[in-house]
Structure formats: C-alpha cells, structure tokens
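Reminder, nothing fancy here: chain letters follow the sequence lines and each chain counts from 1.
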Number of protein chains: 2
Amino acid sequence: MQIKIEMLRCFVAVARTGNLSDAAEILGRTPSALSMMLKQLEDNLGQSLFETDRKNRLSALGAFVLEQAERELQQFDGMVQDIVNFAKAKSGKVRLAAVPSVANTILPGVIARFLSMHPDVHLELWDMDSPSILRELAKDRVDFGIASTQGYPTAFHCQPLFSDRFGILCHRSSGLLLKRQNLSWEDLRQERLIANNLSQSIQVPACQQLHSDAGLRVHNITSLIAMIRNKVGIAILPETTAQMLNADEICFIPLPEAGIQREIELIKKSETSPSPAALELERTILEFVQSRQI
Amino acid sequence: MQIKIEMLRCFVAVARTGNLSDAAEILGRTPSALSMMLKQLEDNLGQSLFETDRKNRLSALGAFVLEQAERELQQFDGMVQDIVNFAKAKSGKVRLAAVPSVANTILPGVIARFLSMHPDVHLELWDMDSPSILRELAKDRVDFGIASTQGYPTAFHCQPLFSDRFGILCHRSSGLLLKRQNLSWEDLRQERLIANNLSQSIQVPACQQLHSDAGLRVHNITSLIAMIRNKVGIAILPETTAQMLNADEICFIPLPEAGIQREIELIKKSETSPSPAALELERTILEFVQSRQI
DNA sequence: AATTTGCTTCAGGAAAATTGAAATGCAGAT
DNA sequence: ATCTGCATTTCAATTTTCCTGAAGCAAATT
C-alpha cells in the first residue's frame with residue numbers, strides 16, 4: 001500500500017479535530033473508515049502518529065507529518081484548481097493576431113465581452129497585415145488569426161467570418177459623392193487613385209486597369225488616410241477600414257461593380273488543439289459576428 | 001470521481017513515453033487500465049489531454065497539466081520521502097542534555113557512532129547539572145536528559161544507565177595514594193576537603209561529617225580541579241568526573257566505604273512520545289552503555 | 001462500580017481498479 | 001481506395017480496495 005492523498009486528508013482532519021467522529025463528520029465517512037485508514041498510514045511509517053489511541057495528542061512523528069501534509073494538501077488542491085480553471089478557460093493565455101481594420105472595429109467589443117466573462121485570462125493582441133498573420137500562425141506564435149487568405153490556399157483551417165466589400169474612400173468634398181448612386185469605372189478614372197496593397201490585390205480587370213494607371217502608391221494605411229484627408233486623391237479599401245475612421249471628413253462609396261470584396265476569416269493551425277481559453281475566445285468571436293450580421 | 005495522485009502519475013508516464021504500452025510497462029499495469037484512468041481524468045476536466053487518441057501529441061490542456069503534474073508529483077514524492085526519513089530516524093532533530101562528566105566521557109563515542117549512522121539528523125547537546133536538566137525536561141526544551149535524580153522521585157521516566165561511584169580526587173603527590181588499599185575516613189579527616197554540590201549530597205554520615213568540617217566549597221568543577229592541581233586540597237567526586245581529566249596530575253581513589261555512588265539515568269518525559277531520531281539515539285546510548293559494562 | 005465516550009476490529013457488502021479479450025479506429029502500405 | 005497492422009478503447013469478469021454497522025474494549029467520567 002502506498003501513501004495516498006486521501007490518507008493525508010484523513011490524517012489532517014483527525015489531527016485538527018482531535019477525534020475520529022468529528023473528522024468523520026467532516027469527511028463524510030464513518031469513524032471506523034478513518035480508523036482503518038490511519039492504521040494503514042501508520043503501518044506504512046512503522047510508527048504511531050498519536051500519543052495514545054485517543055486522537056487528541058500527536059506524537060513527534062504525527063506533528064511532523066501534519067506539518068508536511070497540510071502544506072502538501074494545499075499545494076495539491078491549488079494545482080487541481082489551476083488545472084480546472086485552465087480547462088474551463090477561466091485562466092490561461094490567448095494570443096491573437098488580426099488585421100488592423102478588424103482589430104479596430106469589431107474586436108474591441110468582442111474582447112471587452114470576453115474579458116468580462118473570463119477576467120483571469122491573459123489576452124494578447126497584435127495587429128498586422130494578412131501575410132504576417134499567416135507567418136505568425138505558422139511559427140505558432142499566435143493561437144489564431146483574423147485575416148483574409150484572399151483565396152490563396154493555405155494549410156490552415158479557415159472559418160469565414162464575414163465579407164468586407166471594397167469601396168472608394170474619398171474626402172467628403174469630392175464630386176464622386178454626388179454620383180454615388182450610379183458610379184462608373186469611367187468616373188473613377190478621372191480621379192487620382194492612391195494605390196495600396198489591399199486594393200492592388202483585387203482581381204477585377206477594370207480595377208486592375210485603374211491601378212496600372214495610378215501614379216501614387218502608399219503602403220501605410222494611416223499615411224494613406226492623411227492623403228485623402230488632404231484631398232490628394234481617393235483610395236479603394238475595404239469597408240471595415242472606412243469604419244475605423246471618423247466619418248465626418250472621409251466618406252465610403254461602394255464600387256460600381258458589386259461583389260468585389262475580401263473574405264475575413266478566422267484562421268488557425270488545424271493540427272494543434274487550442275487552449276480552452278483560445279477556444280472560448282473563438283466561440284465569442286463567431287457568436288458576435290453572427291449576431292451582428294442579422 | 002476526484003483527481004488523485006495516481007491519475008497524474010499515469011498521465012505523466014503516458015505523456016512522457018508517448019504511448020500506452022510503454023507507460024503501462026513502467027507503471028506495471030496494462031494499457032487498458034491506463035486508458036481508462038486517462039479517460040477518467042479527461043472526463044473530470046471536460047477536455048481531451050491529447051491531440052488524437054494516439055498519445056504522442058499533447059493538447060494545450062495536456063501540456064499545461066503535464067507541467068503542473070510533474071511539479072506536483074516531485075513535490076509529493078519528496079514529501080513522502082521526508083516523512084519516511086523522519087520516521088526511520090534518518091532525519092529530524094534530537095536535543096539532549098547531559099551532566100558534564102557523561103558529556104565528556106561516554107557521549108563523544110556514542111554521538112560519533114550515532115551520527116555516522118544517521119548523518120542527516122541534527123543533534124544538539126547541552127551539558128548542565130542534574131537539577132537544570134530536570135528543569136529543561138519539564139519545559140520540553142530537550143528530548144531527554146542523562147543525569148542523576150539522586151533518589152528524588154520525579155514525574156519523569158527514568159532508566160538506569162550505570163552507577164558512578166564516588167571517590168577521592170587528589171594530586172598525585174598526595175600521601176593518600178600510599179594508603180589507597182585501606183583508606184579510612186580518619187585518613188581523610190587529615191586532609192583539607194574542598195566541598196562541592198555533588199559530594200555534599202552524599203547521604204553517608206561519615207561523609208557528611210567531613211563536609212560539615214570543610215572550610216572551602218567550590219561550585220564550579222573546573223575551578224575545583226584547578227584547586228586540586230595546585231594542591232589546595234582534595235575533593236570527593238564521581239569516577240566519571242575523574243575520567244574527564246588527564247590522569248597524570250590528578251588521581252582517583254575509591255572511598256573507604258563501598259556503595260557510595262550516584263546512579264546515572266536516562267530521563268525523559270513519559271507522556272510525550274519521542275521523535276524517531278530521539279528514540280534511535282536513546283537506543284544507541286543504551287546499547288553502548290550495556291556493551292561497556294561487560 | 002457503572003456509564004459514557006471514543007477507538008478498534010470484524011465480516012459483509014459496495015465501489016473502484018484492473019485484466020484479458022474483442023472491437024474499433026488510425027496510419028501507412030498495397 | 002482498400003487493406004493491414006498497430007495502438008487504443010470498450011466490455012464483462014475479477015480482484016482489490018474501501019466503507020459500513022455491529023460488537024468489543026479501554027480509558028475517562030459519573
């Protein structure tokens with residue numbers, strides 16, 4: 001017979017109460033069960049844990065064991081609690097990478113909600129462009145990402161979240177606003193287009209034509225916005241990007257052709273099983289997106 | 001079902017080996033037993049600990065549990081070992097008080113032997129006179145004492161160790177040495193007796209007579225010895241005290257009357273059960289004394 | 001001395017763990 | 001795709017461990 005946690009728990013209860021019946025009450029056992037269990041423990045150690053067969057005075061060995069056992073039980077129960085909390089996503093760590101537009105629009109709400117339900121989870125969020133997100137994912141540096149694979153096939157598991165249609169971002173003083181109901185590609189050709197990585201990847205001929213004519217290309221979104229704000233030109237960007245901005249100065253106009261959009265997806269390595277906390281955040285995001293789309 | 005140490009042990013073995021059969025081999029169980037035990041653990045947590053039903057890749061929860069469980073098992077096994085060591089007197093602490101003569105004669109040998117057999121036991125030794133030893137014992141400041149109760153009844157449990165006969169301590173130039181074969185009380189009356197606490201307590205009339213005539217009383221043994229060394233006078237002391245000294249200058253002569261002696265005893269509080277280490281030292285002392293008396 | 005209190009022991013029964021055999025389910029090979 | 005071999009799971013039977021309630025003791029109390 002080995003020394004087991006239950007024996008220690010039994011001994012500690014008896015040592016604390018000073019008698020079998022009270023300890024039995026606490027543990028939900030009969031005194032005889034405790035008596036036998038203590039006997040086992042004593043047989044193990046080859047010595048008595050108590051002075052007499054009355055359990056109200058510890059032997060030197062008993063005092064030593066009590067001290068050790070109390071510490072150990074606390075330790076053990078703490079560990080079990082930690083594990084359970086982790087499993088219930090009440091603790092743990094989630095690392096998330098998302099494209100800036102999503103990080104700035106829907107994530108704040110989702111994260112606030114998630115953290116209020118799981119206050120002890122440690123959450124890390126990075127924003128970066130889609131290719132970087134895929135790289136981080138491959139290196140296992142994030143639990144999952146929110147990005148667009150743009151139709152490129154990847155080894156990752158992708159779950160569509162929503163479609164993010166492209167449109168024109170222009171200054172509110174732009175003449176395009178007047179034509180917004182029946183905008184044509186020809187109208188756009190009259191404007192100065194500020195190209196960027198996202199708009200560049202649109203696979204529609206008319207749009208690609210516009211880009212080949214564009215004389216200005218800006219990679220950084222905030223710089224690009226500053227350009228528009230100063231009426232340097234217009235840009236083609238997804239709608240969520242527009243939502244990041246103060247609508248007072250800059251306006252969003254849908255493209256002349258419908259169906260030009262990027263698909264925002266929740267992306268994760270399919271092999272690695274997520275931590276419970278990550279799974280829970282994922283669930284929260286999906287739920288949030290679905291409720292928003294109604 | 002609760003989480004138990006055995007579950008963790010099982011999980012750690014499987015996680016380490018990466019498969020059930022090897023782990024089963026190690027634990028001395030069948031794979032099916034481990035499978036069921038893991039299932040229990042997983043049911044407890046509500047999640048899988050492994051990626052697939054092959055046990056070679058841990059889930060995020062599994063990785064977390066492995067880390068916790070390994071630490072905990074080490075902790076637990078360490079504690080069990082500590083307790084067993086304590087019970088086997090391989091560790092622990094013993095506090096011992098002894099009269100100086102014993103501390104200086106037989107204890108060095110006993111303690112050397114005890115410590116060589118129990119290298120991790122912490123041993124504390126004080127020397128003091130018998131009344132102080134009894135006081136320390138009463139205050140539970142020592143585990144046991146080696147002293148003489150001098151026939152005074154005490155509440156302690158006393159085990160006789162050996163008899164320590166009284167005799168004369170005199171300088172080697174003393175004339176008493178010539179008469180040592182048939183010394184009389186009258187011979188002693190010719191000498192200057194240096195009285196001391198131990199000799200004072202001898203209940204023999206002739207001896208008490210000597211003491212009432214004594215004009216010098218020295219309490220501290222080392223001072224008393226210095227007196228004898230300088231031929232100030234003679235003293236009546238137990239034989240073990242004489243053994244502490246270099247025999248070159250000072251000699252021991254038995255008293256004219258036989259049977260004048262103090263009983264050296266091993267004294268302990270009967271109620272408190274000793275620590276295993278104390279018990280073991282006690283055993284060593286008894287054994288040593290018995291072997292020496294043959 | 002009688003009673004109460006508290007522990008131990010015992011035998012039977014309940015619960016849990018373990019086993020071996022058979023079934024299932026993957027993964028790599030055909 | 002299907003087959004094959006290995007690892008895991010499942011199942012029923014068995015063994016082991018644990019628990020209970022009754023009876024018996026011993027110490028403390030009346």
Side-chain angles (χ1 to χ4, degrees), chain A residues 1-59 61-62 65-66 80 155 157 270-273, chain B residues 1-59 61-62 65-66 69 73 80 270-273:
Chain A
M1 172 63 44
Q2 271 196 107
I3 291 184
K4 297 213 253 327
I5 284 285
E6 288 315 309
M7 291 179 177
L8 299 185
R9 218 179 279 287
C10 158
F11 170 67
V12 168
V14 175
R16 281 207 191 117
T17 60
N19 71 90
L20 287 185
S21 16
D22 291 356
E25 181 81 24
I26 289 170
L27 298 176
R29 299 275 119 86
T30 57
S32 81
L34 302 201
S35 174
M36 288 167 127
M37 194 152 246
L38 285 179
K39 189 163 142 40
Q40 273 190 88
L41 184 54
E42 291 180 335
D43 286 352
N44 241 292
L45 303 177
Q47 313 233 356
S48 174
L49 292 162
F50 298 90
E51 293 283 346
T52 68
D53 60 2
R54 298 293 166 113
K55 309 304 189 191
N56 50 4
R57 261 179 27 228
L58 292 170
S59 69
L61 177 61
V65 173
L66 178 60
V80 169
H157 179 262
S270 42
E271 313 113 51
T272 2
S273 81
Chain B
M1 176 60 47
Q2 270 195 108
I3 291 185
K4 297 212 260 315
I5 283 285
E6 289 315 308
M7 292 180 177
L8 300 185
R9 219 179 278 287
C10 159
F11 169 67
V12 168
V14 175
R16 281 206 191 117
T17 60
N19 71 90
L20 288 184
S21 16
D22 292 357
E25 181 81 22
I26 290 170
L27 298 176
R29 299 275 120 85
T30 59
S32 82
L34 302 201
S35 174
M36 288 168 128
M37 195 152 244
L38 284 180
K39 189 162 142 41
Q40 271 190 84
L41 185 53
E42 290 180 335
D43 287 352
N44 242 293
L45 303 177
Q47 313 233 354
S48 175
L49 292 162
F50 298 90
E51 292 283 345
T52 68
D53 60 2
R54 299 293 168 110
K55 308 303 187 191
N56 48 5
R57 261 178 29 229
L58 292 169
S59 70
L61 177 61
V65 173
L66 178 60
L73 282 179
V80 169
S270 43
E271 313 112 52
T272 1
S273 81

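Rounded to an integer number of Å, the gap from CG of B/N19 to C1' of C/dG25 is 17 Å. A straight line from NZ of B/K39 to P of C/dT19 spans 19 Å, rounded to a whole angstrom. Rounded to a whole Å, the CD atom of A/E51 is 13 Å from the P atom of D/dA28. Between A/L20 atom CG and D/dG21 atom C1' the separation is 15 Å, expressed in whole Å. Here the P atom of nucleotide D/dC18 and the CZ atom of A/R9 are 15 Å apart, to the nearest Å. If you take CG of B/L27 and C1' of C/dT18, they are 13 Å apart, rounded to a whole angstrom. Here D/dC18 presents its C1' atom at 15 Å from CD of B/E6, a figure rounded to the nearest Å. Rounded to an integer number of Å, the gap from B/R57 CZ to D/dA7 P is 17 Å.
Candidate nucleotides D/dC18, D/dG21, C/dT8 were compared by shortest atom distance to the side chain of A/D53, and C/dT8 ranks first. When distances run from any side-chain atom of B/K4 to the nucleotides D/dT20, C/dG20, C/dA17, the shortest one goes to C/dA17. With C/dT8, D/dT8, D/dA28 as the candidates, the nucleotide lying closest to the side chain of A/R54 is D/dA28. Distance from the side chain of B/M36 is smallest for C/dT18 among the nucleotides D/dT20, C/dA17, C/dT18. Here the nucleotide nearest the side chain of B/S21, chosen from D/dT8, D/dT20, D/dT9, is D/dT8.
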Quick one, B/N19 with B/N56, criterion side-chain contact (heavy atoms from CB on, under 4.5 Å). Give me CA distance, side-chain angles, the key distance, then yes/no. CA-CA 6 Å; B/N19 71 90; B/N56 48 5; over 6 Å; no

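In this structure, the separation between CE on B/M36 and OG1 on B/T30 is 9.0 Å, given to the nearest 0.5 Å.
Taking every heavy atom of both residues into account, A/L58 and A/F50 meet most closely at CD2-CE2, 3.5 Å. Residues A/P31 and A/A24 come closest through the heavy atom pair N-CB, 3.6 Å.
The phosphate of D/dA27 (OP1 or OP2) has no side-chain N or O of A/K55 nearer than 4.0 angstrom. The phosphate of D/dT9 has OP1 or OP2 within less than 4.0 Å of a side-chain N or O from B/S35. OP1 or OP2 of C/dA17 lies within a sub-4.0 Å distance of a side-chain N or O belonging to B/Q40.
Residue contacts for B/Q2: at a heavy-atom cut-off of 4.0 Å it reaches no nucleic acid atom on any strand shown.
Checked against A/M7 for a side chain to side chain contact (heavy atoms under 4.5 Å, CB included), the options A/M37, A/Q2, A/E42 give a single hit: A/M37.
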